[in-house]
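A short worksheet on the structure shown next.
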Amino acid sequence: MKIKLSKFTVQKIFYLKIFLCTFLLHFTIVTPNYSQNSQAVTGKVMDINNEPLIGVTIQEVGTSNGTVTDIDGNYSIRIRSGASDLKFSYIGYEEQQINVGNKSIINIVLTEETSILDEVVVVGFGTQRKVDLTGSIATVQLDEKIASRAVTNLSTALSGQLPGLAISQNTGMAGRDDVSMLIRGMGTVNNANPLIVVDGMPDVDMNRLNVNDVESVTILKDASSAAIYGSRAANGVILITTKSGSNQDKARFEFSSNLTLSTPTDMYAFLPDYPRSLTLHQVTQSTGILRENLNYKDGTIDQWMALGMIDPIRFPNTDWWDIIVRNGVMQNYNLSASGSNDKSNFFVSIGVMDEQGLQINNDYRRYNARFNYDYSVRDNLKIGTRFGGNWSEWDYAGSEGFTQGSYVGTDLRAAIAGITPYDPVTGYYGGEMAYNENTLVYNPLQTYTNVQNSQNRQEVNPSLYIEWLPIKDLRARVDYTINYYNQFRWSANIPVQAYNFQTASLTDRWFIPSTAPIQNYTNTGYKTQLNGLLNYDKRINENHQINATVVFSQEYWHNRSQTASRNDRLHPSLHEIDAALVSVQSTGGNSNEEAMRSFVGRLNYNAYDKYLLGFTARYDGSSRFIGDYQYGFFPSGSLAWRFSEEDFIRGFTENFLDNAKFRITYGGLGNNSGVGRYEQKETLTTMNYIIDDQIVKGFVNQKMINRNLSWESTYVTNIGLDLVFLNNRLSAEIDYYDRLTKGMNRPSEMSIHLTGAYTAPRTNIGNLRNRGVEGNFRWQDKISDFSYNLHLNVAHNRNRLESWNEYLGRGSTFINMPYGFLYSYEDKGIAQTWDDIYTSTPQGALPGDLLRLDLNGDGRIDGNDRKAYPNIDKNRPRTNFGFTANMSWRGIDFSTLFTGAAGRKDYWLVRYNTVNPPTTSFAFSQWHIDNPWSHENKDGIWPRLGGGGNNTAETTFWLDNMSYIRLKNIQIGYTLRNNSILSTLGLSDIRFFLSGENLLTLTNHRGLDPEIQGKDINDAYPLVKSYSMGLQIGI
Amino acid sequence: MIILLCFSCNDDFLNRQPTTELGAEAFWQTTDDATTALMGAYADVRSLFEWDLWWDGQGEYQKVLNTTAVARSPGMTDGSFNPSGYGGSFNSLYRYLYGGVHRTNYVIENVEKMLPNHTSPEIIHELETVIGEARLLRGMVYFRLISLWGDVPYIGKIIYDNSEVEHITRMPITQIKDSIYADFTYAYEKLPNKIPALGRAAKPAALAFRGKLQLYWASWNNFGWPELDGFTPNQEEAKNAYIGAADDFKKVIEDFGLTLFRNGEPGEIDELGKAEILPNYFDLFIPPANGNPEVIMCFTHGGQGSGQGESLMRALGGRQLMNGQLQVFPRFEIADRYQSIITGDFMDPLIPMHPTHPEARTAENSALNPQSYADRDYRMKSSILWDYEMIMGIVNFQYDGWTPFIYNTWTAPVTIDGVDYITYTGHGTARSGYVYRKFLRNYPGADRASGDYAWPVMRLADVYLMYAEATNEVYGPQQDAVELVNRVRHRGNLPPLKPEKYATKEGFFDAIEQERIVELLGEGQRSFDLRRWRALERVWGEPYSGGVWCIDSHGAQITRYFNNASERAYEQCYIYRIPPAERDRNPNLTQNRPWM
């Protein structure tokens, strides 16, 4: 992070420097010897905003001859003529050296430097100079180039920005922030998600933040860095800091808005040609049945083909995508104000995001407000508050979009083209029509129109702190934070009966039964956190600094839910509970709570700015555990050596190496996520019975408690190297880590003679090791007005399951193998002839079927013939990278972000590409015409249709390399600043930009999207490709 | 900081109690708690017996397509309910039967601990009744375990840790039988004569189960159980057990004033193709019959919204019956079992005919000719639908009008006597020619999974037939036994057995078996009967024979069972497999021989 000194401070320093320099010049510098061969040089030194810089030191290189600029930035100096160089230096700005030659006027623009010494990062409970860091920490500033991207949430915006943070976006559905985030691979089989901390409060939903309010995001990756923050930081911490108005003595208003248009990145190509589909059904069925017994008759097909051209109501050929998909539109408006003086600073903002999803009737709106304020009451007493609030409204049919979710029932696979979606004249939705058609066909228009869910949620996240410095070097601080939420959802599906347009009659199928209930769900809850901190920071003499911190922290959660449902509503358009009769109703309600308490101590010692030592210890207690095992103790230590500061090294490296540091840390952290809130409590379970037609209460005991269950612990060794070269132009950070998660808690194994009555208690068993390397490389430079930077980050992770408590059969979980490695049959291609079959191991194949290899040569194909690939993961990529290039030239800025992943292979076996479709009601796609093998199409790249289960077995045949490179974002903007027209309008600056997301993807994956992971592969909701334009105005 | 330290003094901060679950310390304080715990045990053991319907899929008269309608009972959803190849598919049931053992042990042991604290005779009686009911339930669970697996581990106390059972061994069946006998005897001694409320058990239930236990014990000794290692059949043992069974059954029949439903009268019947009036036998299997004296022991269900319904309508009904899924239906072969009310004997076998045959609907004895079903056992119309029989549709909780069943014309428009109907909606895999009427509610009010029928696990008619069987085995046909069989036959409006039907022990056995088939259709008895009688070979053919083709009313061959099957295939039906995964962990647990 760049420290931006306020103008006020800067000016103070200027005058100080002028004074000092003048003083020094007068008393220490030898009076210049104005010899014959001297020349005069004059000029002006300015900053990039054309403001004069006062007090810039100008020195003739190799001499003690020098001067400083005056109040207008002007200078003049006499130097030896010939090959002299002038060095312009100024605190906080990059030094420049110019060869004078025979020029007599040299005007210089100095740019602010990002001094490696001054760069600080947000770490646990405060900030730290980057050079003093010992652990593995990565940070990103959310500048306007990130904030103006057309992303709907913060986690998507972070994709590809930070080494070691793997992010994949899993759906494009509006309102659904389905993003998976892992720091340094999957650390445990229990919840492996990182801990998210917003302004000091853990567990805030980062996806509900306004991206424009965020100042910076830091990830703490190793145990020693994360130790200070998280009792649950074993899987890393994401620290999010919102903006403040500090160092900004001129208050600033900012307005930004953008408009985004989005389309799918890719979609399944369903065939809007029903006779063709029926023929494909015939082909599929023909493999096992006589022609006269086929479900669909030639007559039906011929009739449909002929009449489909003239009567689209009775013989439709529906292209569902045309009907259920629209262009997504997103609008974003933000207004903020910020400013500071010597006593206080503030930041306020409001924001609106309005998103219209790709799927019809899928909309999301979110409103954000923020108020951050700090005030120095006394010189040694400071108070402040952070307030974040948000409100969202979400309308959707199924919670998963096109597929699944409540009431959506069957899915797009049964959305055949032979359905009339809707007839506005009669108001009917079409059901099955073709002769012998299955009644359970799927009319997605009906579903997405009549299945209605609406959810609104409000969150308020206020916090307050007081900071007191009672004596020199001692700082005490107390923080209190609340995160409150309230969520209400109603679900009220509109009853619909399917209509048969051919017989002009209602069928007896109700898409949504006439008794469809009104359901209301209310969830409220809060979390509170109290932190107390004592910090003692003492510089003993010039070379020794000790920093000791003690933290007490406690967290408390309380959640409550209520549900109610009534059938027989007064009218289908109503959706509140009272709008239905009381004859059939049901209710539910529950609450739960949890508490944690931690004591933390941290000690840092810095000697000679070269040797850095750290030690942290945590003592964490959780209400999820009982007795002596409630608390866990997790120590960690760190060591760093800035070897570039050693004289014996500096001598060699001074010319190119600005800073070099070697870091090593080791430490442990706890995780309690696998355990349920009340899992360790001895409770009885309700199991009611009926006596005399009345429900009577009954209890059974189904818990066995493991009294020794405790925290799962993760031990991380981290070795890192930070290097800064070439005058801060090139920097590299390289880390190696070895993370061992011990005692992962898993349900224990019990005898079958117990498991019918008792749930097995959890036990701490199972070790998982993650090892990996990360690299973060940055190049930044400036060629006159053109400045640019390139940033590449790469992370590679491998894991290995080292012990497991359960019997492991053949499968992709095995000891001393990666967790979720690829375990696959090998294929031999498609059998073209009977000869191919005779020369293969017998496997019941016919020509056109997929042949598998008999790897163990026992003459049959079974589970033993699968091959393990220890170097390929099936569930997530091993390598992730992000590449950013930013350029700016005179107000024009251009940036681009590529992300990518490699090291994952998965089967492409989804419902939509199956070669064994159901014999009725299957939505075929063009693939099914082109690809299947047949006697007419022996080059077909798929096995024959209807050939049997072996053709869709998980063989290498269907294996896709899920590696990809994606142009995640490209953006071009133009900023007008200090312009006279703007000034007359009272504006300080204005920026226009055009931006695109997910515009291009390079991959071999044949399915929907290689980035999507960890969810049902049959989900058809694509990611979005979007184009946006926007405007940012500063006052 | 001081404030903070005060906060941290509060030790309860990390102690959070659940809000909707009862903490174990708060329980076992009052006698009411004993009853509450017993209700939990009833509810759990219910899940092991309430789906007995499915077991008939292992017999020859019912087809089971799947078990998705089975709720609350993971032990049953994993089972295989086909006529062959099922003995290895009941690992889950094994597991959950032991679940029932722990549920009942939990009640028995904790209530026994309460006993010494009380002196009041009323309270002691109340507590002993609770123990008695729990022991009855435990006995039923172990009875099922030994019927299927032979020797099994015996657990008679509360288990607190896995280490207590991880090396457990199987106990010989004789010892377990004695423990079950002791449980039933205790229950018989302590339970009241009459049930205090529907859903609980009384003396007749304990006695009837003790009789049934002895009848099975007698059968194994009489017919042998060669697959069970270590078990030696003993004719003397068999004889004593038959006598013991007969004695217990006789007491059930005579001592408690129990009668058949509506005194065993057949009731009225509607003409062919109409169903306005149905015989009494139909009413016995719908919820209004709950609590009638014929049902000696049942497991109760709750209706709409209780979450405790039976799913009979979902399993047996077609789409017109609250969206039933028709997962279970009678096979074609059951139809010939329904005798003539005129002759009291079997009628000429039905002739399957394809509907495209011009005389399919008119030919004599054609399975598609409604007239072929005239004048049959009233229990036929009460139990099944054949072509052109009507059933009342119930859609969206409302009467939806009559719908005729016409096999393989699912949801077709049809005009009968000038009235337009839509035919019964089944699906392509429901292939036999018949569907159930038995167990299907004929009135609206609950969804397909929320029926509140109290499922019978012991019925007086069954006791009559078991008594007849036990006495017949020891003494040959007895007049009182014949009389009881005739009472069951009267329910179908069949005339009494002709003397030649009970002239010999074998003949009378056949007559009893015939009544068990018809009377107990869909009640989960048939496959247990076939196994204890060692009758699989009789029904499905000897090993390596052609087996049996099951057909439909159109004459299509549907499935062939036991075709060229080895002895092993039969053995693996007679005894089930001890779950192999448990044997991997516990080498002390031996395996039944056919599964080694």
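Each chain gets a letter, A, B and so on, in the order its sequence line appears, and its residues count up from 1.
In terms of heavy-atom pairs under 4.5 Å with chain A, the best-connected choice from P18(B), A43(B), G40(B) is P18(B). Between chain A and the options D33(B), T20(B), I155(B), D400(B), heavy-atom pairs under 4.5 Å are most frequent for T20(B). Top candidate by heavy-atom pairs under 4.5 Å with chain A, chosen from P153(B), P579(B), G307(B), G100(B), is P153(B). Most heavy-atom pairs under 4.5 Å with chain A, from the set E164(B), R46(B), R72(B): that is R46(B). Between chain B and the residues I626(A), N567(A), N688(A), V696(A), the largest count of heavy-atom pairs under 4.5 Å involves N688(A). Between chain B and the options N701(A), N706(A), N592(A), the largest number of non-hydrogen pairs under 4.5 Å is found for N701(A). Of all the listed residues (N438(A), I691(A), T686(A)), the one sharing the greatest number of non-hydrogen pairs under 4.5 Å with chain B is I691(A).
D692(A) contributes no side-chain N or O that, together with a main-chain N or O of A197(B), makes up a donor-acceptor pair within less than 3.5 Å. Remark: the backbone N or O of L14(B) is not paired with any side-chain donor or acceptor of R597(A) at under 3.5 angstrom.
Side-chain atoms of V107(B) and F699(A), non-hydrogen and from C-beta on, never get closer than 4.5 Å to each other. In this structure, the side chains of E166(B) and H753(A) stay at 4.5 Å or more apart for every pair of heavy atoms. You'll find the side chain of S751(A) stays beyond 4.5 Å of the side chain of R585(B), heavy atoms only. Residues M704(A) and I159(B) are in side-chain contact: their nearest non-hydrogen atoms beyond the backbone lie under 4.5 Å apart.
If you take CD1 on I690(A) and CG on D452(B), they are separated by 8.5 Å, rounding to the nearest 0.5 Å. In this structure, OG1 in T755(A) is found 12.0 Å from OH in Y98(B), a value given to the nearest 0.5 Å. The distance from atom CG of D693(A) to atom OG of S306(B), rounded to the nearest 0.5 Å, is 10.5 Å. Here Y42(B) contributes atom OH and M687(A) contributes atom CE; the two are 15.5 Å apart, rounded to the nearest 0.5 Å. To the nearest 0.5 Å, atoms CG (L684(A)) and CH2 (W28(B)) are separated by 9.0 Å. Atoms CG and OH, from L754(A) and Y160(B) in turn, are 13.0 Å apart once rounded to the nearest 0.5 Å.
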Item to check | Audit row: T683(A), L22(B), side chain to side chain contact (heavy atoms under 4.5 Å, CB included) steps and yes/no | outcome: CA-CA 5 Å; T683(A) 55; L22(B) 179 69; over 6 Å; no
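Neither the backbone nor the side chain of S583(A) comes within contact range of chain B, judged by heavy atoms closer than 4.5 Å. Heavy atoms of H427(B) lying under 4.5 Å from chain A are absent altogether. Residue Q702(A) touches chain B through both its backbone and its side chain, counting heavy-atom pairs closer than 4.5 Å. For S591(A), the parts lying near chain B are the backbone and the side chain together; criterion is any non-hydrogen pair under 4.5 Å. Heavy atoms of T425(B) lying under 4.5 Å from chain A belong exclusively to its side chain. For S92(B), no part lies under 4.5 angstrom from a heavy atom of chain A. For chain A, the nearby parts of D44(B) are the backbone and the side chain; heavy atoms of each come within less than 4.5 Å. At a 4.5 Å heavy-atom cutoff, the contact between Y96(B) and chain A is made by backbone and side-chain atoms alike. Only the backbone of D161(B) has a heavy atom closer than 4.5 Å to any heavy atom of chain A. When heavy atoms are compared at a cutoff of 4.5 Å, E679(A) does not approach chain B at all. Using a 4.5 Å cut-off between heavy atoms, I168(B) contacts chain A through its side chain alone, with no backbone atom that close. Contact annotation for L589(B): only side-chain heavy atoms (C-beta onward) come within less than 4.5 Å of a heavy atom of chain A. For Q694(A), no part sits under 4.5 Å from any heavy atom of chain B, backbone or side chain.
When all heavy atoms are compared, the tightest approach of Y689(A) to M39(B) is CB-O, 3.7 Å. Here the closest non-hydrogen pair linking N15(B) and K681(A) is OD1-NZ, 3.1 Å. Closest non-hydrogen pair, A757(A) versus H102(B), comes out as CB-CB, 3.6 Å. For I752(A) against R95(B), the heavy-atom pair with the smallest separation is CG1-CB, 3.5 Å.
Salt-bridge check for E594(A) with R16(B): failed, with every basic side-chain N at 4.0 Å or more from each acidic carboxylate O.
For the residue pair E21(B) / T685(A), no side-chain donor-acceptor distance below 3.5 Å is found, with atom types taken as modelled.
Each of N396(B), N323(B), D447(B) was checked for a side-chain contact (heavy atoms from CB on, under 4.5 Å) with P513(A), and the lone residue meeting it is N396(B).
Y435(A) OH: 12 or fewer foreign heavy atoms inside a 6.0 Å radius. For D584(B), the CG atom sits in a packed shell: over 12 heavy atoms of surrounding residues, nucleotides or ligands are nearer than 6.0 Å.
The aromatic rings of Y556(A) and F13(B) lie tilted to each other, with the angle between the two planes from 30° to 60°.
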